Amino acid sequence: MNTLSLVVVVVQVLAALAIIGLVLLQHGKGADMGAAFGSGASGSLFGATGSSNFLSKSTAVAAAIFFVATLGLAFIGNHHVSQSGGVMDNLPAPAASQAAPAVPAAPADAAKPADQSSQIPK
C-alpha cells in the first residue's frame, strides 16, 4: 500500500468516526415532544426544524469528506500501477546446477534402427 492510499484511508476512518460521534450527539426531531407534554420546557413542539446548528453542519462536512475519500480510494484502487509482474518475479534465480536436468544416457540399441521389436510395449 503506497503512502497516498494510506493517507486517504486514515482520512476516511477519521471522517467515519466524526460522523458517528456527531450523529450520536444530535437530538432527534421528536426529542422535544416529551418536554412539550409535561416533562420539561421547550420552545416549540418539534423544535426549530428550519435552522441548522453547528452539529448538523459539521456532520454534513464530515459526510462530504467521507464521500470524497471513498471516491479517492476507488480511483486509487482502479488505477494502481504495479511495479512488478507478479509474485513469482520476486523469487531468486535458481542455481546453475539445478537449471539443467540430467540427460539420460542413450540406450545401447540405438545403433540398430531396423530392429524395433524391443520397443513394443507389453
Side-chain angles (χ1 to χ4, degrees):
M1 187 183 300
N2 59 10
T3 307
L4 179 63
S5 63
L6 181 67
V7 169
V8 175
V9 167
V10 168
V11 168
Q12 186 177 28
V13 168
L14 291 176
L17 292 175
I19 290 171
I20 291 170
L22 289 169
V23 167
L24 289 176
L25 287 175
Q26 293 178 13
H27 290 288
K29 287 187 176 184
D32 293 330
M33 188 170 175
F37 291 115
S39 65
S42 175
S44 67
L45 183 62
F46 292 108
T49 57
S51 65
S52 59
N53 58 5
F54 174 73
L55 290 176
S56 62
K57 287 182 180 180
S58 300
T59 305
V61 169
I65 291 171
F66 182 82
F67 184 69
V68 169
T70 303
L71 289 177
L73 280 176
F75 182 77
I76 291 170
N78 286 337
H79 292 75
H80 180 67
V81 179
S82 178
Q83 300 291 334
S84 64
V87 176
M88 297 301 288
D89 293 342
N90 296 333
L91 293 176
S97 63
Q98 296 175 354
V103 178
D109 295 357
K112 301 185 231 176
D115 184 22
Q116 296 182 355
S117 61
S118 64
Q119 296 180 357
I120 298 173
K122 295 181 181 180

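When reading the values below, keep in mind they use all heavy atoms of this one structure, side chains included, and skip hydrogens, waters and symmetry mates. Computed from a predicted structure; not experimentally measured.
Residues in residues 15-24 take part in no side-chain hydrogen bond (donor to acceptor under 3.5 Å, both in side chains) pair, two or more places apart or across chains. Every pair passing side-chain hydrogen bond (donor to acceptor under 3.5 Å, both in side chains) that includes a residue from residues 62-76 is listed here, sequence neighbours excluded: Gln12-Thr70.
Summarising the geometry, atom CG belonging to Asn78 is positioned 11.0 Å from atom CG belonging to Leu73; distances are rounded to the nearest 0.5 Å. If you take CG on Asn53 and OG1 on Thr59, they are separated by 8.5 Å, rounding to the nearest 0.5 Å. The OG atom of Ser58 sits 8.5 Å away from atom CD of Gln26, with the distance rounded to the nearest 0.5 Å.
Through side-chain heavy atoms spaced under 4.5 Å, either directly or across other Ile, Leu, Val, Met, Phe, Trp or Tyr residues, Ile19 is tied to Val23, Phe66.
Using a 4.5 Å cut-off between side-chain heavy atoms of Ile, Leu, Val, Met, Phe, Trp and Tyr, with links allowed through other members, Val11 and Leu6 fall into different hydrophobic clusters.
Residues Ala15 and Ile65 come closest through the heavy atom pair CB-CG2, 4.0 Å.
At least one side-chain heavy atom of Asn2 sits under 4.5 Å from a side-chain heavy atom of Ser5.
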